[in-house]
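First up is the structure itself, then whatever we jot down about it.
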Amino acid sequence: DAKTTQPPSMDCAEGRAANLPCNHSTISGNEYVYWYRQIHSQGPQYIIHGLKNNETNEMASLIITEDRKSSTLILPHATLRDTAVYYCIVTFPNTGNQFYFGTGTSLTVIP
Amino acid sequence: DAMVIQNPRYQVTQFGKPVTLSCSQTLNHNVMYWYQQKSSQAPKLLFHYYDKDFNNEADTPDNFQSRRPNTSFCFLDIRSPGLGDAAMYLCATSRVLNTQYFGPGTRLTVL
């Protein structure tokens, strides 16, 4: 079962930062937080992941609270192409990284 | 480019007629996953292979089977498709304990 809670939808003005929150209050010590996005009718696309520390790559930044019970994905300068459903996933690395998707956040970037 | 390939992209079958969906990868990943995504829902994990070891999710119907003849290929067999099996089927791959990479999906229509 999904272990994350996300707002169902958000809007963001083009060029502004998009901050997408995720609650994972039952996360355990070895579980990672992954973020993916899915543009309509395409396969999910990897964005970023982290364990404890904040992470940044060319697509986004991931801020994880100190107690690890929540995180925020930041798209620093949203463009229209960032309109998608964003999934926050908590997973324990095992023989496979089984992903149990939550309902995600539908982000609409407005011109 | 290394990638996850799914064939066909669109598949139409008749009620009760067996159908096979194909996934191949050039990433040489040892874990392969199959997800089902129904309209307006999040992807749902059906099963995964860690090398040749098959791991079924507890709530995956018996109607769904999978084969992995080698590292590169994995097949999803639906033995007797019902109208409720119409969905996007997503294949993903990963190295052990690592990020999943998704294919573009196969959209299955059941008439």
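Letters A, B, ... are given to chains in the order of the sequence lines, protein chains preceding strands, and every chain is numbered from 1.
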Enclosure of B:D59 CG (heavy-atom neighbours >12, cutoff 6.0 Å): yes

Do B:V110 and B:V19 belong together in a cluster built from hydrophobic side chains that touch within less than 4.5 Å? yes

Check whether more than 12 heavy atoms from other residues, nucleotides or ligands sit under 6.0 Å from atom CZ of B:R67, and answer yes or no. yes

Verify the cluster assignment for B:L83 and B:L76: are they in a single hydrophobic cluster under the rule of side-chain heavy atoms below 4.5 Å apart? yes

B:E57-A:Q98 side chain donor-acceptor pair, cut-off 3.5 Å: no

A:F99 versus chain B, heavy atoms under 4.5 Å apart: side chain, backbone, both or neither? both

Would you compute the distance between atom CD of B:Q100 and atom OH of A:Y36 and round it to the nearest 0.5 angstrom? 5.5 Å

Sort B:P43 into side chain, backbone, both or neither according to what part of it lies under 4.5 angstrom from a heavy atom of chain A. both

Give the member of B:Y35, B:Y101, B:Y49 that has the highest number of heavy-atom pairs under 4.5 Å with chain A. B:Y35

Would you name the heavy atoms of A:Y87 and B:Q41 that are closest together and state the gap between them? OH-O, 4.0 Å

Side chain, backbone, both or neither: which part of A:Y32 has a non-hydrogen atom closer than 4.5 Å to chain B? neither

I'd like to know whether the aromatic ring centres of A:Y46 and B:F102 sit less than 6.0 Å apart in this structure. no

CZ (B:F54) with more than 12 external heavy atoms under 6.0 Å: yes

Please flag which part of A:S41 lies under 4.5 Å from any non-hydrogen atom of chain B: side chain, backbone, both or neither. both

Is there a path of hydrophobic side-chain contacts, each under 4.5 Å between heavy atoms of I, L, V, M, F, W or Y residues, that connects B:L111 with B:L108? no

Under a single-linkage definition using a 4.5 Å side-chain heavy-atom cutoff for Ile, Leu, Val, Met, Phe, Trp and Tyr, are B:L46 and A:F101 assigned to the same hydrophobic cluster? no

Contact leader toward chain A among B:P104, B:A92, B:C91, where contacts are heavy-atom pairs under 4.5 Å: B:P104

Pair B:K44-A:Y100, side chain to side chain contact (heavy atoms under 4.5 Å, CB included): steps then yes or no: CA-CA 7 Å; B:K44 181 179 181 297; A:Y100 302 103; over 6 Å; no

Which heavy-atom pair separates B:L90 from A:P44 by the least distance, and what is that distance? CD1-CD, 3.9 Å

Select one option (side chain, backbone, both, neither) describing which atoms of A:Q38 are under 4.5 Å from chain B's heavy atoms. side chain

Using 0.5 Å steps for rounding, measure from the OG1 atom of B:T99 to the CD1 atom of A:I48. 10.5 Å

If you group Ile, Leu, Val, Met, Phe, Trp and Tyr by side-chain heavy-atom gaps below 4.5 Å, do A:I89 and A:L51 land in one group? yes

